[in-house]
Amino acid sequence: MRSLLLWISVSVLSGCATYQQDIEAGLSLAKAGEWKEAEGKLEEVLDSKQDKLLYYMEIGALAQNQGDYARSNTLLEQAEKLSDTFFPENFSNRSWALLSNPRQSDYRGSGLERVYISYLKSMNYLALAKQEKDTIKKRQLSDAALVEVRRIDIKLNEIRAQNPSYQDLNARENQAFYKDALSWLGDFYTGGRDTDKFLYRDDAWARYMEGLQYEIDGEYDDARISYQKAANLYQDGYAKQYALSATTSERAWLDAIRMMQKGGFSQSEIDAQIQAKLSPAMQDILKQYHPDDAELVVLEHQGFIPDKSEMSLLLYADPRAYSLVLEPLHGGGTIEENDAFRWFTMVYADINPLNLIANYKAGGAWGTFSGIFTKRVILGRPVWQQLQSMDVDKLLTEQTIRVTVPYYRRFTLDQQQPTLHISDTITSSNQGMRMSSLADIAFQEQLAQAQRDIYEGLIRELLRSWLAYQVTSNVKDDSASLILNLIGQVAVFASSAADTRNWLMLPAQIRLTREPLAAGSYTPEYRVNRHTFSLGKTQLDAKKITLWNLRNPY
């Protein structure tokens, strides 16, 4: 009977659409650079109240990609208001999500997404200011861009206040042995993984962009401070955490030093910073800047943050060890299934000593080894007795329970080196530099909350299965009870779902190219990975920065 039930459940499951499947058509169009068509598809999918924040973020980003900057800001301002309504949650909304699936709850966004709402808005205001002919309105739009920069600063400071800094993490690595031991013991109950290492604690690139916008506005001391904050973040741990080049810190220091030159610092102070912070190669780049130069700055927003997938786990009881056990639902050897299994062993598998001991007691030496393929939740005898009093132990031995959690499949970032062609005869001597990987930030945020995901999923499916079990247990007719029980098991099994929503129109990575040039007219082209993007004929003015916000979907 159990085998039959599992076969029926998997058959029903294969017909259940997920969020990933819902947005696939719109995402495919966006990846082909068909922004308007992608917008139409996503509007059809993101039409529920629960997805309202996602709607404003996704459509707002697509409007920007179409050059419709005013509409983009109108949409993103709505996203701003929703994302700032932090903790007050509708109880009935949350309860229904617990009994159905987490997509029935309001999407609340992540810290990264809150920061990049303001980031995109600032880009919109800069683009609108560039188009505006009226001097007063141009100034107002430039000021609005700076308002968004200050919002970014406030949001990042909020995130920093809630999470340990890179200095805190570095201090832990050098702490006394007894403190290490206490931390190790504490990890028994957190899966043995230091999730603090994966947290989004600050954003060096967003800090750098604060500096760039202050520089565009002529506020050189504020620009210096922001560039310096970015440089310190890159070198303290941001570059290492997100697999960026160490030269990211040097680039930020170079720009901080340029602001010192513009801000009246003494030559001895400037020379000291040059020697301390810049390699000979970066010192050569610094020498390319001259007081009356124009500058072309290219921000390449490339690719898309990866979409989440669902991983299915089977939940069963181990009464001998007073614990619950979760293991991946194996379905073959496809790439996606292999990725799911790797994610499970990386994030959930039993590697801490308490779980190893419980596995050993339950299954001897093999039980210990098999722990790398399972996740054990140790309840203890008192809790187990409470479950027995509610017949939950019978529920877990008489039927299969499916728990679903979100995860990221493996992804690779484009590693091609972009080139900037200023004209037919001039090619930029400065190579594009990857300054941020939003894909890696999103990936690590998911790692950091993975333990919460699995426990919330476990509680949700236990509750739903127990309610269905109680309904059938109270039916007196044995045949009817059997049929209802089968239907209930299949329905609960097939409808198990994880929340795989995230802001998919954000870029996977951001590359920066800065080129100081003599004032004049140019027709810049940006070439990367066999694709060419043209800015068209552009006038670069002396002592001014021209910003090229380039959205590369490929």
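Side-chain atoms are counted along with the backbone in the values below, which use heavy atoms only and exclude waters and symmetry mates. Residue numbers run from 1 in the order of the sequence given.
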Inset, instruction - Verify, without hydrogens or angle tests, whether S28 (side chain) and E24 (backbone) share a donor-acceptor contact under 3.5 angstrom. - result: yes
Under the 6.0 Å and 45° cation-pi test, does R551 pair with F304? yes
Are the side chains of W503 and I117 in touch, meaning some heavy atoms are under 4.5 Å apart? yes
Run the side-chain donor-acceptor check on residues 529-548: report pairs under 3.5 Å with partners two or more places apart or on a different chain.
| unit_1 | atom_1 | unit_2 | atom_2 | d |
| --- | --- | --- | --- | --- |
| N529 | ND2 | D414 | OD1 | 3.2 |
| S534 | OG | G536 | N | 3.2 |
| T538 | OG1 | G536 | O | 3.0 |

Using a strict cut-off of less than 4.0 Å between a Lys/Arg side-chain nitrogen and an Asp/Glu carboxylate oxygen, indicate whether D255 and R251 qualify as a salt bridge.
yes
So P553 and K31, do their side chains get closer than 4.5 Å, heavy atoms only? no
Q) Would a 4.5 Å heavy-atom cut-off, applied to side chains only, mark R434 and L244 as touching? A) yes
Residues at least two apart in sequence or cross-chain that pass salt bridge (charged side-chain N to carboxylate O under 4.0 Å, His left out) with E295, listed by chain then number, are R514
Practice task
Establish, from distance only, whether the side-chain atoms of S142 and D217 form a donor-acceptor pair under 3.5 Å.
Solution key: no
Check whether any side-chain heavy atom of D307 sits under 4.5 Å from a side-chain heavy atom of T500, and report yes or no. no
Contacts of Y69 meeting ring-ring contact (aromatic ring centres under 6.0 Å, His included) (sequence neighbours excluded), chain-then-number -> none
Residues passing the salt bridge (charged side-chain N to carboxylate O under 4.0 Å, His left out) test with K229, sequence neighbours excluded, are D153
Does NZ or CZ of R258 lie under 6.0 Å from the centre of the six-membered ring of Y289, at an angle within 45° of the ring axis?
yes
**Asked** Is it true that K155 and E80 make a salt bridge, defined as a side-chain N closer than 4.0 Å to a carboxylate O?
**Response** yes
| Min side-chain heavy-atom separation Q66-R71 under 4.5 Å | yes
- Distance only, no hydrogens: is a donor on one side chain within 3.5 Å (strictly under) of an acceptor on the other, for Y227 and E215? yes
Contacts of E132 meeting side-chain hydrogen bond (donor to acceptor under 3.5 Å, both in side chains) (sequence neighbours excluded), chain-then-number -> none
Donor + acceptor pair across side chains of W253, Q228 (<3.5 Å)
no
Quiz item: Would the number of heavy atoms belonging to other residues, nucleotides or ligands and lying under 6.0 Å from NZ of K130 be above 12?
Solution: yes
Could you give the side-chain donor-acceptor pairs of residues 436-444 under 3.5 Å, partners two or more places apart or in another chain?
| unit_1 | atom_1 | unit_2 | atom_2 | d |
| --- | --- | --- | --- | --- |
| S436 | OG | Y238 | OH | 3.3 |
| S437 | OG | D440 | N | 3.2 |
| S437 | OG | D440 | OD2 | 2.6 |
| Q444 | OE1 | Q241 | NE2 | 3.1 |
| Q444 | NE2 | Q241 | O | 2.7 |

Less than 4.0 Å between a side-chain N and a carboxylate O, is that true for R150 and E148? no
### Query
Hey, are the side chains of L512 and Y208 touching, using non-hydrogen atoms and a 4.5 Å cut-off?
yes
Checklist entry - Is any side-chain heavy atom of Y107 less than 4.5 Å from a side-chain heavy atom of Q50? => result no
Subject >> NZ (K41) with more than 12 external heavy atoms under 6.0 Å >> reply: no
Side chains of L420 and T427 in contact at under 4.5 Å (non-hydrogen atoms): no
Would you confirm whether the ring centroid of H301 sits within less than 6.0 angstrom of the ring centroid of Y119? yes
*For R511 and M435, run side-chain contact (heavy atoms from CB on, under 4.5 Å): C-alpha distance rounded to whole Å, both residues' side-chain angles, the deciding distance at 0.1 Å, then the answer.*
CA-CA 6 Å; R511 291 188 280 224; M435 299 294 285; over 6 Å; no
